[in-house]
Amino acid sequence: MRKILIVDDELSKPGNAAAFAAEYPVEGVEFRFAGNGQEMFRLLEENADICVIFLDIRFEGEEHDHGLMLLKKLNDAGVSAPIVMISSLSDAPTIIRAWDLGAQGYVVKWSTNPSFYEEFRQKVAMYTRLGPPRSEEQVKRRRQRILIRAQEVLKEHADLTEEDIIKQALELKNDINGTWRYTPPFPQSFQNYVRGWNETDEVLSRAVQERRLLYLNMDFGDGCTLRCPHCFTQEGAIDARGRKPLPYARLREAILEAKELGLKCVRILGRGEPTQWIAGAKARSGNQPAAGEDLIDFIQFLYKNDIIPLIFTRGQILGDDERIAWAYGGAHGVNSAADLAKLLYENGVSLFVGVSSVFPEINNEMVGRPASDRYNYDRTCRLTLKHAIAAGFNTGNPTRLAVEMPITNLNIREMAARYVLFQCLGISPCTNVYMVAGRAMTYGLGDITGPSQEEFLEHYARVTYCARAMGIDTRIGSYAGTKECHDVSCGMYLTLNGDIYPCPGYEGMHNFVGSLRTHSIKEIWANNPYGGHPQSVCPPKIATHFPPDFEKIVEKRIVQNQTKYQDDCQRVVNALGVKNND
């Protein structure tokens, strides 16, 4: 039996507790009830196997936000069980405050919510199926395993030379059957971004002036086979409001509304691995979409409406025929990874593939799946790039293939070689500041961290100079050597449950801009205080991950180190053997 703790002064009364358990039974679950904070902590101490806490907000005789204060105390005390708020309060500020204080779910009580039982059971299922309860000792053991593994990987790569990095980059190029599509200097017509990720300066300038909505970042589907430590999905944060996913019909309606506002691209972020969200597979378990509501149906809907589908993927499906059989089983005529790549290409998709390193060990470490006899993530990741290249994703201008790398102390020394490698292969290289999230907030990452600001600024300036020396037009932005992001000025982020934020990096307490469950996307965009403002460096990262005068610091470094960076860039280009295929 799974134990669930419900902290509610009314429900804890003997008669009410029994009535609740009888009215809202959940098979395989045993309820514990506490009426105040003291009882709550006593029961947690006596029942180390409690796997989820449902916490009320209003308690008789206490401050109106007493439950939120208990929530803070639970998180300050390091309680590892996920906490779901259960309250009659349903106003957005209260829900957002709960989320910001660490709640991982929110269910509105039965008195005002006819779907309470369904949502309650859904939350119970979500947190009890994640495996054994995360007791303090279990978290400690998990942290220790991650620490040891991280130390091993760091030790293996501590003495890497530039020659080692170049050698590994060339090995990756051969594995994916890459050929040089561009050689320095790049043509003046070169568009320095992946199709759907950005636009020309003229289009962006006009969009800001006319307050156009060009991009919609969104969650789509559920579930994933990886354990990326920085993924919010693993901790249920994306579902923090405790509501079901937005109905598919409402989603399509919103897309067409957004098109009237200028929508050019829908960026499909997840919430898990979107390429496995398929109906009609022969051998599947877990959540599945209804027929006509899966990823392929959705991208075909976008394509028919002249909207670019840009899919963010880790490639563990697209690079693995066995997983294709599991996820698709012949659905949509897909029987192999090559079939899927071809189908996506034919439907106008652009791909953003997570490739954290040219070194297999680091790439595996960054998705939480060290290589074994049974599975090697890096191998499937390389096959994804190989299939994408074979299908033609890297042949256009702008390209339709990009690779993403969260920068850590494991991979920062690769930045320049990686940038030249992928850019010359016709693949847009995107680097982004590493942010601890999801599982990493619970279990840690051992000695894997973001690099020091000094080290980051040095490598960022080096890559920016290298891009300019290669004839690529680039300004200082969030991503070294690649066109700056415009998510906040010209886009919004739609979560799985219909809530909207300025962008995935601006998801939180003060940035909620509306919900598709209550308002049209036109109304939300019209009232979005973030839209229509010129943008270069990512606003959420300024003064957190980037210093406030980031652009000036980088430009100053480039001027001061011009000769050094010039030599570095030329050495990398020569060592990689970049040359015309003719």
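Keep in mind it's a predicted model, so treat the numbers as computed, not measured.
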Report task. Let me know which of Tyr419, Trp197, Phe352 forms a ring pair (Phe, Tyr, Trp, His ring centres under 6.0 Å) with Tyr479. Result -> Trp197
Give me the one residue out of [options] that meets side-chain contact (heavy atoms from CB on, under 4.5 Å) with [X].
X      : options                : result
Leu351 : Leu385, Leu344, Asn394 : Leu344
Ile165 : Arg413, His157, Met415 : Arg413
Val403 : Val194, Thr431, Val355 : Val355
Val420 : Ile166, Leu425, Leu576 : Leu576

Shortest non-hydrogen separation from [X] to [Y] and the atoms involved:
X      : Y      : value
Val353 : Cys381 : CG1-SG, 4.4 Å
Leu516 : Arg250 : O-NE, 3.2 Å
Asn363 : Ser357 : OD1-N, 3.7 Å
Val358 : Glu414 : N-OE1, 2.9 Å
Asn364 : Ala371 : ND2-CB, 3.6 Å

Close side-chain approach of [X] and [Y], heavy atoms under 4.5 Å:
X      : Y      : result
Leu263 : Glu257 : no
Arg418 : Asn411 : no
Thr474 : Lys483 : no

**Report entry** Distance-only polar pair, side chains of Thr275 and Arg314, donor-acceptor under 3.5 Å
**Finding:** no
Report task. Answer yes or no on whether Arg267 is positioned over the face of Tyr215, meaning its NZ or CZ is under 6.0 Å from the six-membered ring centre and within 45° of the axis. Result -> yes
**Report entry** Summary of ring pair (Phe, Tyr, Trp, His ring centres under 6.0 Å) pairs that have at least one residue in residues 379-398, sequence neighbours excluded
**Finding:** Tyr345-Phe393
Report summary line: Which of Asn217, Asp219, Asp499 passes side chain to side chain donor-acceptor pair (under 3.5 Å) with Tyr493? It is Asp219
Query raised in the report: Would you call Glu346 and Lys342 a salt bridge, using N to O less than 4.0 angstrom?
Result: yes
Report task. Answer yes or no: is there a donor N or O on one side and an acceptor on the other, between the side chain of Tyr182 and the main chain of Pro187, under 3.5 Å? Result -> no
